[in-house]
J.: 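Got a structure for you, written out below as structure tokens; questions coming shortly.
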There are 2 protein chains.
Amino acid sequence: MQEGTFTAPGYSGETARPAPNVYAADCPTRLLLDRIADKWSVLILTTLGPGERRFNGLKRHIDGISQKMLSQTLRSLERDGLVQRDVVPTVPVSVTYAVTPLGRELLDALQAMIDWAERRMGTVASAQVAYDRREEELSLIA
Amino acid sequence: MQEGTFTAPGYSGETARPAPNVYAADCPTRLLLDRIADKWSVLILTTLGPGERRFNGLKRHIDGISQKMLSQTLRSLERDGLVQRDVVPTVPVSVTYAVTPLGRELLDALQAMIDWAERRMGTVASAQVAYDRREEELSLIA
DNA sequence: TCCATCAGGTATCTAATAGTGACCAGATGT
DNA sequence: ACATCTGGTCACTATTAGATACCTGATGGA
């Protein structure tokens with residue numbers, strides 16, 4: 001990191017790294033996946049799709065999520081500008097979460113994937129069964 | 001996608017087990033997410049989109065993936081019927097991977113999400129910066 | 001008054017998962 | 001004879017997810 005030393009792009013002494021491409025770590029798709037490719041983000045977004053909800057409402061609706069993961073994931077969705085958090089000074093205080101316009105856009109973009117899941121997860125499940133049966137046969141031979 | 005029975009915070013019938021709903025663990029979307037919501041599955045699928053590739057070709061293309069995760073994720077995609085593995089008896093043996101018709105369908109369904117990422121990840125990045133700045137201000141007050 | 005309960009979380013600890021580096025087989029080039 | 005290519009696996013560590021306990025602060029009941 002030497003300041004003031006202009007390093008021309010043509011410098012060829014130290015190019016052990018493969019040339020970066022669109023699948024390098026700074027590819028937009030990759031950055032998105034790093035954010036939302038966990039099992040909770042999409043579920044939270046879709047739960048908030050029909051309308052705002054409160055913390056414990058989300059927790060009750062998304063079966064199996066822990067408070068920690070809900071809190072953590074909501075914070076990260078809020079940071080990404082996909083979800084808005086509002087503190088309503090009732091007593092006890094209530095906190096509502098809602099998708100932002102940006103989050104709504106993403107939700108729309110995810111819809112095709114969700115539809116595919118509803119149509120095809122049965123096929124995937126069958127493929128798994130078939131694969132496991134083949135595996136078992138092979139292990140019996142060996 | 002509006003099955004969100006908005007039971008207002010009724011403090012009455014709160015029995016021990018909440019009634020199961022579409023966000024329960026056997027919801028198709030949830031099952032899909034359990035499979036492909038990791039950072040590598042989608043990258044492998046999109047890399048295979050244009051045409052089949054060999055193991056080390058995939059590894060070189062997807063910057064930062066480890067052999068273990070590539071092997072493991074390919075196996076799981078194959079099990080799901082999304083990717084086909086073919087062993088070609090050259091020497092040394094080469095193994096090619098290609099998307100199946102089912103995988104192609106999923107890839108098409110994911111396209112809207114990928115397009116959104118390319119359009120909007122800049123916005124998301126800005127939102128993050130703004131959020132972090134607000135957080136820092138709050139921490140200075142406290 | 002004391003206890004329990006609600007909301008919306010954090011703190012801590014452990015279990016599961018991802019990543020790292022070494023190693024393997026079989027054939028080939030040098 | 002030895003390093004190198006292919007496509008992996010195995011053992012070990014670092015990171016992450018999940019379970020559990022607890023917190024604040026008001027409210028309502030015995």
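Sequence lines set the chain letters: A, B, ... in the order given, protein chains first and strands last, and positions in each chain run from 1. Treat the numbers as computed from the prediction; the structure is a model and nothing was measured.
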J.: Walking along DNA chain D from 5' to 3', note the first and the last nucleotide with an atom under 4.0 Å from a heavy atom of chain A, and give both.
T.: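 Listed 5' to 3', the contact boundaries are D:dA17 to D:dA26.
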J.: List the residues meeting side chain to side chain contact (heavy atoms under 4.5 Å, CB included) with A:N56, not counting sequence neighbours, and say none if there are none.
T.: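 Testing A:N56 for side chain to side chain contact (heavy atoms under 4.5 Å, CB included), a comparison that skips the adjacent residues, returns A:K59, A:R60, A:Q67.
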J.: Sequence neighbours left out, what passes side chain to side chain donor-acceptor pair (under 3.5 Å) with A:T123? Give chain and number order.
T.: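 A:T123 satisfies side chain to side chain donor-acceptor pair (under 3.5 Å) with no other residue.
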J.: Indicate for each nucleotide in nucleotides 17-25 of chain C, in 5' to 3' sequence, whether protein heavy atoms under 4.0 Å reach the base (B), only the sugar-phosphate (S), or nothing (-).
T.: -BBB-----
J.: Scan residues 110-132 of chain B for pairs that pass salt bridge (charged side-chain N to carboxylate O under 4.0 Å, His left out), counting only residues two or more places apart or in two chains.
T.: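 Output for this query lists A:R79-B:D132, A:E105-B:R120.
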J.: For A:R85, which residues count as a side chain to side chain donor-acceptor pair (under 3.5 Å) partner, sequence neighbours excluded?
T.: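 So A:R85 forms a side chain to side chain donor-acceptor pair (under 3.5 Å) with A:Y97.
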J.: Rounding to an integer number of Å, can you tell me how far A:E78 CD sits from C:dG8 C1'?
T.: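 Whole-Å distance recorded here is 14 Å.
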J.: Partners of A:V91 by side chain to side chain contact (heavy atoms under 4.5 Å, CB included), sequence neighbours excluded?
T.: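 Listed in chain order: nothing, the list is empty.
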J.: Sequence neighbours left out, what passes side chain to side chain donor-acceptor pair (under 3.5 Å) with B:S94? Give chain and number order.
T.: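 So B:S94 forms a side chain to side chain donor-acceptor pair (under 3.5 Å) with B:T90.
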J.: Between atom CG in A:N56 and atom C1' in C:dC6, what is the gap in whole Å?
T.: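 Checked: the CG to C1' distance equals 9 Å.
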J.: Can you name the residues that form a side chain to side chain contact (heavy atoms under 4.5 Å, CB included) with A:D86, not counting sequence neighbours?
T.: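 Scan of A:D86 (side chain to side chain contact (heavy atoms under 4.5 Å, CB included), adjacent residues dropped) gives A:Q84, A:T96.
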J.: What is the distance, rounded to the nearest whole Å, between atom CG of B:D34 and atom P of C:dA16?
T.: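 Computing the B:D34:CG to C:dA16:P distance gives 16 Å.
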J.: Would you please name every residue forming a side chain to side chain donor-acceptor pair (under 3.5 Å) with A:R75, sequence neighbours left out?
T.: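 Side chain to side chain donor-acceptor pair (under 3.5 Å) check on A:R75 returns A:S71.
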J.: With side chains defined as the heavy atoms from C-beta onward, is the minimum distance between B:V88 and B:V95 less than 4.5 Å?
T.: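 Side chain of B:V88 against side chain of B:V95, heavy atoms only: no contact under 4.5 Å found.
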J.: Output the rounded distance in Å from CG (A:L70) to P (C:dG8).
T.: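 Rounding to the nearest Å, CG of A:L70 and P of C:dG8 are 10 Å apart.
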J.: Going by number, which of residues 81-97 of chain A have a non-hydrogen atom under 4.0 Å from DNA chain C?
T.: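 Of all residues in residues 81-97 of chain A, the ones placing a heavy atom under 4.0 Å from DNA chain C are A:R85, A:P92, A:V93, A:S94, A:V95, A:Y97.
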J.: Could you pull out all residues at least two apart from B:S41 that satisfy side chain to side chain contact (heavy atoms under 4.5 Å, CB included)?
T.: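 Listed in chain order: B:I36, B:D38, B:T73, B:L77.
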